[in-house]
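On a predicted model such as this, the values are computed, not experimentally measured, just so you know. All values below were derived from every heavy atom in this structure, side-chain atoms included, with hydrogens, water molecules and symmetry-related copies excluded.
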Amino acid sequence: MSSLLTRAETGLGPRLVPLAWANLLANIGIVVTGGAVRLTGSGLGCPTWPQCTDESYLPHGELGLHGAIEFGNRMLTYVLVAIAVACWLAARGRSAEHPRAVPLTTIIALGIPAQALLGGVTVLTDLNPWIVALHLLLSMAIVGICVLLLDHLRGPDRPEVVGPLRRAVAAAFAVGWVVLYLGTVVTGSGPHSGDLESKRTGLDPQVMSHVHAWAVYVLLALTLLVLWWSHRAGATVLFRAARLLLLVEVGQGVIGFWQYFTDLPEILVGLHMLGAGIFSAALTWTLLAARPRG
């Protein structure tokens, strides 16, 4: 067994960087497919967990399309597990060159079954919106760790950013996570619950949309401050990261307002969820760009 493990580590070692990218893309992708489950009303397509029904692990004809969609999303978890394990083995094969890669890939690999368990809790609690929010936020955190892994492997050399600029970056990161959290609260207060009989938070979705928007305004102001300050300080890597973050924020803002004024069409909500995964990656990269490397 140990020899098989060693051969796997040796064979996958040169593929560590592509596998790290695959980890990132797969964890953003599962956010989109999870959103598709909710937006099609298939959240309880498989009404129990870990089985699909009380009698079977597989969906049967009576569950219809909703059962197939929910079961298909569950099966994608195994794809994430395969990628995460392959990345972990590759990291072990190059642990001397990239010592932090093993613990980072371990966290990512353990995050996938944690997500599966939390997904099971969401089903068993009939899509409780607060549990659904935790489910999404855990995905956002895993995306951030994937970016941390990529920075460890192939991030550009850069000096440390200190003083008020670094504090502004930290503030932007904190507010960014507040924005992500409030986004889940808005979602949990409005339509697209995943099932017609699922409960909502009881909060006014219009009020929460405005609260979410004001947090976005604060984030935009902080991002512009970081962008301007990093340009003046000659922090090129941070400037580029903040510029990317600003572009993602503007794109998310356009989609957010568009969906708000068009009564939340499913396609726009799905695009907004894709943007949330990209936003988490860009937000983490901006934080890392203020830290020294090389």
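- For the atom pair CH2 (W258) and CD1 (I267), the distance works out to 9.5 Å, reported to the nearest 0.5 Å.
- Note that the NE2 atom of H66 and the SG atom of C46 stand 12.0 Å from one another [nearest 0.5 Å].
- Residue V132 is not grouped with residue V269 when hydrophobic side chains (ILVMFWY) are merged at heavy-atom distances under 4.5 angstrom, including chains of intermediate members.
- Residue R166 places its CZ atom among more than 12 non-hydrogen atoms of other residues, nucleotides or ligands, all under 6.0 Å distant.
- Atoms CG and OG, from L203 and S209 in turn, are 11.0 Å apart once rounded to the nearest 0.5 Å.
- In the hydrophobic clustering of this structure, L149 does not group with L110; members are Ile, Leu, Val, Met, Phe, Trp, Tyr whose side-chain heavy atoms approach within less than 4.5 Å, directly or through other members.
- You'll find the side chain of T187 reaches within 4.5 Å of the side chain of R38, heavy atoms only.
- The cluster map of Ile, Leu, Val, Met, Phe, Trp and Tyr, joined by side-chain heavy atoms under 4.5 Å apart, puts I255 and V32 in different clusters.
- Hydrophobic clustering (side-chain heavy atoms under 4.5 Å, transitive across Ile, Leu, Val, Met, Phe, Trp, Tyr) groups L165 together with V218.
- Between D151 and R158, at least one side-chain N (NZ, or NE/NH1/NH2) sits under 4.0 Å from a carboxylate O, which counts as a salt bridge.
- Ring orientation note: the planes of Y217 and W214 are nearly perpendicular, at an angle over 60° on the 30°/60° scale.
- Side-chain contact between N27 and N23 is present, with at least one heavy-atom pair separated by less than 4.5 Å.
- No side-chain donor-acceptor contact under 3.5 Å links T201 and W130.
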* Working for side chain to side chain donor-acceptor pair (under 3.5 Å), residues Q115 and S139 -> CA-CA 7 Å; Q115 272 290 66; S139 282; 2.4 Å; yes
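- Judged by distance alone, the side chain of Q252 and the main-chain N or O of H272 form a donor-acceptor pair under 3.5 Å.
- No donor-acceptor pair under 3.5 Å is formed between the side chain of S42 and the backbone N or O of G45.
- The closest side-chain heavy-atom distance from Y57 to C52 is not below 4.5 Å.
- Between the side chain of S280 and the backbone N or O of G277 there is no donor-acceptor pair closer than 3.5 Å.
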* Show your working on side chain to side chain contact (heavy atoms under 4.5 Å, CB included) between L274 and V31 and close with a plain yes or no. => CA-CA 7 Å; L274 171 62; V31 173; over 6 Å; no
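- A salt bridge does not link E160 with R293: none of the charged nitrogens is closer than 4.0 Å to a carboxylate oxygen.
- Transitive grouping of hydrophobic side chains (ILVMFWY, heavy atoms separated by less than 4.5 Å) brings L134 and L180 into a common cluster.
- Contact of the H231 side chain with the R243 side chain is not registered, since no non-hydrogen atoms from C-beta on lie closer than 4.5 Å.
- With values rounded to the nearest 0.5 angstrom, I142 atom CD1 is found 11.5 Å from L137 atom CG.
- Interatomic distance, CH2 of W21 versus CD1 of I83, reported as 14.5 Å (0.5 Å rounding).
- At least one side-chain heavy atom of L245 sits less than 4.5 Å from a side-chain heavy atom of F279.
- A heavy-atom distance below 4.5 Å is found between the side chains of L219 and E249.
- Side-chain contact between T284 and F173 is present, with at least one heavy-atom pair separated by less than 4.5 Å.
- Side-chain contact check for N128 versus T122: every heavy-atom pair is 4.5 Å or farther apart.
- Atom-to-atom distance recorded for L124:CG and I131:CD1 is 10.5 Å, nearest 0.5 angstrom.
- Judged by distance alone, with hydrogens and angles left aside, the side-chain atoms of T40 form a donor-acceptor pair with the main-chain N or O of V37 at under 3.5 Å.
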